[in-house]
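Here's the structure, in structure tokens; my notes come after.
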Amino acid sequence: MAPTGTASQFDQAALERRLALQGKAGPAALVQNARVFGIACFACLGGLLYGYNQGVFSGVLVMPAFDEHMGVWTDNGSKKGWLTSILELGAWIGTLYSGFLAEIISRKYCILLNTGIFIIGVVIQTTAVTSSAHSSILGGRFITGMGVGSLSMTVPMYNAEVAPPEVRGALVGLQQLAITTGIMISFWIDYGTQYIGGTGDGQTDAAWLVPLCLQLAPALLLGGGIMFMPFSPRWLVHHGREEEARRTLARLRGLSTDSELIELEFTEIKAQSLFEKRTTAEHFPHLADGSASSTIKLQFVAIGSLFKTRPMFRRVVLATVTMFFQQWTGINAVLYYAPTIFSQLGLSGNTTSLLATGVVGIAMWLATIPAVMYVDKLGRKPILIVGAIGMATCHIIISVIFAKNENQWDTHSAAGWAAVAMVWLFVVHFGYSWGPCAWIIISEIWPISQRPYGIALGASSNWMNNFIVGQVTVDMLDSMKYGTYIFFGLLTYGGAAFIYFFFPETKNLSLEEMDILFGSVGAAQADAERMREINREVGLEDAVRGNSVNYDEKPTLEEKQRDARDGDSD
């Protein structure tokens, strides 16, 4: 079953106090938090870069002008897989260094630095028009991958830390909406630029150079604009800049610095930060000075600590396995090789395949919008389960159609279009479910000191599995044919089962209250006492009481349920 935690009376009182002050979730809450919403939208240009880079290469790969430069690298399935998947390998490297980098220089400057790395990679790719050809693509996509890999974990982290709980899922989910927007734009740009010089042998190099160069526009905008964005309040508190953190938090919420909600949220953040600093100082005193070198060393200690207790190990399993199943739904097999897949399903002509690929982008983009608006209201768990069952069923239907019509597409074009429609429906199910919700999960379940490393671990799982999928898909399509869809379908059904049995619902909980859910806070008597001392020290008890009610005397949720049962028995 899903892991659960038992809250103390104080923890339960704090949770209820926040729910009473924060307001309802849903679209109205986005309007109420318009400033945070705007900041998150801008930060999600990083997701746009990620999505555009993911989608643009599928169309470039089938352009005749590009093939002339690549030679055997587009004729051989394994080499073609390397041209595609080298970006994911770079992204995996990017996730490894971004954990301590985001902690040392801040989430804000980590976004800035990796935007620069992304730009360098794009420039190198454009030199493929010279004799360097495949070397430029391989090297450029690897460096670009480092940038998008880091942004893929830093942007959700940043959005999660500036957002109030009632809209946190929506703002983190914006990352997926930005990704699908980038994918959609890239597919249609590919469709349009393929006509430069013609769609055959007369096609000019501009047909594939223009789509690659256009990546620079949002990158330059993000790099310039991020300088004007606020720091994460949680990062500021953790680095001793408390007054700046309080002012930033108040500006983000549109409230005064002495607002009751600001006081409660600020003291919760401060209490959790102090708890983790003092715990680090007790267990690793030689790494508690906050220096850059100690932070780098502490990354490995912190990652190791994720595996030492049952509550933290549950988070590790949840993050890494969720990302495993997200990639093995086959979503990136579709995104990276959509024109190839549609050709196998009977669509004749490169133009028709690219047109069908463009519909993939639109379908996924439209499906992501309701997820962003309602994920905090409906919850993560039901959306993930329904999405997985829908995707898996689409895979199985495609495999049946493929098996029956593999050698007769010419005379059964309707069957081919039915299979294409199932691909479109597949990306719809992904767009509202596993696309945004998987990233929401890995960004919100970690405590402050371990959040950068926990997110890096989850993102690392995403990118390593992404790399493997990109590497093997071409060979799978060539050798397994319809068996490829059966394989992805069975794994996706497995993802639905994993969520059903092991995922705890996290909607409407603050980042600090995740410890209640997973049973981490107060698990040991010494930790519980340290947290109680810190709560009193920073004034969190007063903030929870609201200077009027003694919440310590309120019954816990478990006690209420027990009293209700006793009442029924009477």
Side-chain angles (χ1 to χ4, degrees), residues 43 46 91-117 146-147 149-162 226-227 229-245 248 269-309 312 315-316 319-320 442-461 463 511-512 514-515 520 527 530 534:
W92 179 69
I93 299 295
T95 61
L96 296 183
Y97 68 70
S98 287
F100 64 81
L101 191 65
E103 192 61 36
I104 293 171
I105 68 173
S106 80
R107 285 66 159 139
K108 172 179 173 177
Y109 289 141
C110 186
I111 292 173
L112 176 64
L113 176 62
N114 284 284
T115 301
I117 291 174
M146 292 171 62
S150 178
L151 290 171
S152 74
M153 65 151 287
T154 310
V155 169
M157 183 197 309
Y158 178 79
N159 284 350
E161 292 184 357
V162 301
I226 195 66
M227 295 298 296
M229 297 296 105
F231 289 97
S232 158
R234 287 171 171 80
W235 182 85
L236 290 171
V237 168
H238 210 55
H239 288 261
R241 296 159 63 173
E242 294 183 5
E243 287 306 312
E244 184 181 354
T248 299
I269 294 169
K270 184 176 179 180
Q272 188 69 27
S273 178
L274 281 174
F275 171 79
E276 289 159 0
K277 285 181 178 178
R278 292 178 185 178
T279 301
T280 299
E282 178 179 330
H283 295 291
F284 312 104
H286 59 295
L287 299 176
D289 58 4
S291 65
S293 61
S294 293
T295 301
I296 294 173
K297 294 175 184 176
L298 189 61
Q299 172 178 256
F300 301 101
V301 174
I303 289 177
S305 71
L306 300 181
F307 296 85
K308 290 184 178 180
T309 65
M312 290 308 301
R315 303 185 199 212
V316 170
T320 56
I442 74 163
S443 67
E444 70 182 1
I445 63 175
W446 308 99
I448 293 175
S449 64
Q450 292 165 312
R451 186 173 303 124
Y453 319 111
I455 294 177
L457 190 63
S460 176
S461 172
W463 284 110
L511 294 172
E512 286 67 39
M514 289 296 170
D515 280 348
S520 298
D527 283 353
R530 181 182 296 115
I534 292 172

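The chain is numbered in sequence order, starting from 1. The structure displayed is predicted, hence computed values, not measured ones.
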(Q) Quick check: closest heavy atoms across G46 and L151, and the distance to 0.1 Å? (A) CA-CD1, 4.2 Å
Q. If every non-hydrogen atom of W463 is compared with every non-hydrogen atom of G149, which pair is closest and at what distance?
A. NE1-CA, 3.7 Å
Q) With no hydrogens and no angle check, is any side-chain donor or acceptor of K108 less than 3.5 Å from a backbone partner on S232? A) no
Q: Can you measure from CG (L96) to CE (M146) and round to the nearest 0.5 angstrom?
A: 10.0 Å
Q: State, without any angle test, whether S150 and S98 hold a side-chain donor-acceptor pair at a distance under 3.5 Å.
A: yes
(Q) Can you confirm whether I534 sits close enough to R278 that some side-chain heavy atom of one is under 4.5 Å from a side-chain heavy atom of the other? (A) yes
Q.
Using every non-hydrogen atom in the two residues, find where P233 and A245 come nearest and quote the distance to one decimal.
A. O-CB, 3.7 Å
Q.
L287: which residues meet the side-chain contact (heavy atoms from CB on, under 4.5 Å) condition with it, sequence neighbours left out?
A. F284, S294, K297, L298, V301
Q: Please examine the side chains of L306 and R315, heavy atoms only from C-beta on, and report whether any two atoms are closer than 4.5 Å.
A: no
Q) Rounded to the nearest 0.5 Å, what separation is found between the CD1 atom of I445 and the CE atom of M312? A) 8.0 Å
Q | Heavy-atom check, side chain of I105 versus side chain of L112, under 4.5 Å | A | no
Q. Is the closest side-chain heavy-atom distance between F307 and V316 below 4.5 Å?
A. yes
Q | Separation of T320 OG1 from L457 CG (nearest 0.5 Å) | A | 6.0 Å
Q. Quick one: CZ on R234 to CZ on R107, what's the gap to the nearest 0.5 Å?
A. 10.0 Å
Q. Hey, what do you get for NE2 (H239) to CD (E244), rounding to the nearest 0.5 Å?
A. 12.0 Å
Q | Contacts of type side-chain contact (heavy atoms from CB on, under 4.5 Å), residue A43, not counting sequence neighbours | A | V155, Y158, N159
**Q.** Shortest non-hydrogen contact from A102 toward W235
**A.** O-NE1, 3.6 Å
Q | Distance in Å, Y97 OH paired with L113 CG, rounded so as to fall on 0.5 Å steps | A | 6.5 Å
Q | Steps toward side chain to side chain contact (heavy atoms under 4.5 Å, CB included) verdict (I104, I296) | A | CA-CA 8 Å; I104 293 171; I296 294 173; 3.8 Å; yes
(Q) What I'd like to find out is whether the side chain of F275 reaches to under 4.5 Å of the side chain of K270, using heavy atoms alone. (A) no
